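Taking it in order: structure first as structure tokens, then the write-up.
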Amino acid sequence: MHFESWSAFWAMGGYAFYVWLAFGVSGLALALLVAQSFYARRSLRRYWQAEQARQQRIAASRSRQQQNSKLADEVD
Amino acid sequence: MWKWLHPYAKTERAYALCGSLLPWCWGGALLCLAVGLAWGLAFAPADYQQGDSFRIIYLHVPSAILSMGAYSGMAIAAFIGLVWQIRSADMAVSAIAPVGAVVTFVALFTGAAWGKPMWGTWWVWDARLTSELILLFLYLGVIALYQSFEDKQQGAKAAGILALVGVVNLPIIHYSVEWWNTLHQGATITKFGKPSIAPDMLWPLLISIAGLGLLVAALSLYRLQSEMIRREMHRPWVQAMFKAQEGNHHAF
């Protein structure tokens with residue numbers, strides 16, 4: 001360890017503001033990029049699930065309509 | 001000779017290849033960044049002139065190198081996409097661009113935070129800083145062009161041409177410190193011959209460069225996978241993959 005103590009480490013020989021500013025903002029920028037990448041993948045999956053559910057609803061209502069028209073034919 | 005490469009032009013195969021590379025990239029990035037940055041921040045000796053402010057080097061140099069490295073990768077992908085019309089290469093361009101832009105921002109920001117205590121100014125309009133800023137604008141231009149076309153094939157073509165034209169900026173950035181008068185110091189390790197830095201300082205720097213390189217690779221591959229899903233949402237392979245993932249919920 002180059003520094004004598006933790007407080008010396010955080011002080012960075014008087015350059016604490018610049019060193020921790022550089023590391024903090026860089027870490028934040030990279031973390032946001034990682035988070036955005038994961039979030040985008042998750043919303044792709046959500047979109048696919050919603051699309052899937054919509055297709056099922058359409059198929060279900062179509063078969064209901066067919067049944068209804070069949071019933072109507074029988075009544076006639 | 002190149003025949004083994006051809007199957008990877010198929011999106012499905014390229015997706016699987018990304019998937020098998022990704023765990024190594026994430027793991028290596030985490031390990032190397034943790035070791036390299038901790039070593040650089042806490043264990044490397046202080047610089048005899050710059051004191052502890054020089055520790056910014058462990059972010060600044062890796063991000064500066066990777067900002068250019070990512071651009072080279074993006075330009076190669078753009079070339080492959082334009083010449084051989086390979087769709088996964090076009091998608092790689094759009095996947096790398098945002099990663100490169102963030103890394104370039106990190107290089108610029110850490111440079112400013114280092115310049116203030118050492119040069120007395122956050123920013124000067126000299127060759128090195130200005131050409132690196134232009135690199136950021138090139139990345140943003142590639143992203144904007146790709147996004148602004150409804151037809152992604154057209155967008156990829158336009159973005160690819162911009163990416164290729166922008167390659168001229170890379171040697172300008174690298175040699176700017178030799179061609180023009182500048183506040184920026186010359187090359188320390190990316191030159192022929194012995195690096196002008198002590199081994200205690202060099203090792204954590206090399207490890208940090210490897211770590212950030214692996215992080216850039218991991219993010220690019222992951223975003224490339226996402227782009228493949230987005231563009232081929234209704235193809236059978238995506239359907240099959242999502243259905244399989246529905247089955248086991250803890251899928252990555």
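So you know, we letter chains A, B, ... as the sequences are listed, proteins then strands, and number each from 1. Everything numeric in this text was worked out from a predicted model, so none of it was measured.
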Interatomic distance, Leu221(B) atom CG to Ser37(A) atom OG [nearest 0.5 angstrom]: 11.5 Å

Val99(B), part contacting chain A, at a heavy-atom distance under 4.5 Å: both

CD/Glu4(A): more than 12 non-hydrogen atoms of other groups inside 6.0 Å: no

Toward chain A, the part of His60(B) with a non-hydrogen atom under 4.5 Å: neither

Chain B contact via Tyr18(A) - which portion, at a heavy-atom distance below 4.5 Å: both

Met118(B) vs Tyr15(A) side-chain heavy atoms within contact, under 4.5 Å: yes

Leading residue by heavy atom contact count with chain A [cutoff under 4.5 Å; candidates Phe54(B), Phe105(B), Phe43(B)]: Phe43(B)

Separation between CD of Gln36(A) and OG of Ser226(B), rounded to the nearest 0.5 Å: 9.0 Å

Contact summary for Asp52(B) and Val19(A), nearest pair of heavy atoms: O-CG2, 3.8 Å

Trp24(B), CH2: over 12 other non-hydrogen atoms inside 6.0 angstrom: no

Taking every non-hydrogen atom, the tightest pair across Val106(B) and Ala29(A): CG2-CB, 4.3 Å

Per-residue contact mode, Gln50(B) against chain A (heavy atom under 4.5 angstrom): backbone

Phe149(B) atom CZ, over 12 foreign heavy atoms within 6.0 Å: yes

Distance in Å, Tyr47(A) OH paired with Phe242(B) CZ, rounded so as to fall on 0.5 Å steps: 11.5 Å

Contact origin within Trp20(A) toward chain B - heavy atom pairs under 4.5 Å: side chain

Top contributor to chain A contacts, counting heavy-atom pairs under 4.5 Å, from Ala218(B), Pro98(B), Ala46(B): Ala46(B)

Sub-4.5 Å side-chain heavy-atom contact between Arg223(B) and Arg41(A): no

Spatial distance of atom CZ (Arg45(A)) from atom CD (Gln245(B)) [nearest 0.5 Å]: 4.0 Å

Chain A interface, residue from Gly111(B), Ala107(B), Ala113(B), Ala44(B) that has the most non-hydrogen pairs under 4.5 Å: Ala113(B)

Rounded distance (nearest 0.5 Å) linking atom CD1 of Ile56(B) with atom CG of Leu21(A): 8.0 Å

Pairwise distance NE2(His234(B)) to CD(Glu51(A)) - rounded to 0.5 angstrom: 5.5 Å

Top contributor to chain A contacts, counting heavy-atom pairs under 4.5 Å, from Ala42(B), Gly51(B), Ala112(B), Pro45(B): Ala42(B)

Other residues, nucleotides, ligands: >12 heavy atoms within 6.0 Å of Trp203(B) CH2: no

Greatest number of heavy atom pairs closer than 4.5 Å to chain B - which of Val34(A), Leu30(A), Leu32(A), Val25(A): Val25(A)

Verdict with supporting geometry, Tyr222(B) and Phe38(A), ring-ring contact (aromatic ring centres under 6.0 Å, His included): CA-CA 9 Å; Tyr222(B) 188 78; Phe38(A) 283 111; 4.8 Å; yes

Side-chain touch His2(A)/Leu41(B), heavy atoms, less than 4.5 angstrom: no

Any Gln239(B) side-chain heavy atom under 4.5 Å of Trp48(A) side chain: yes

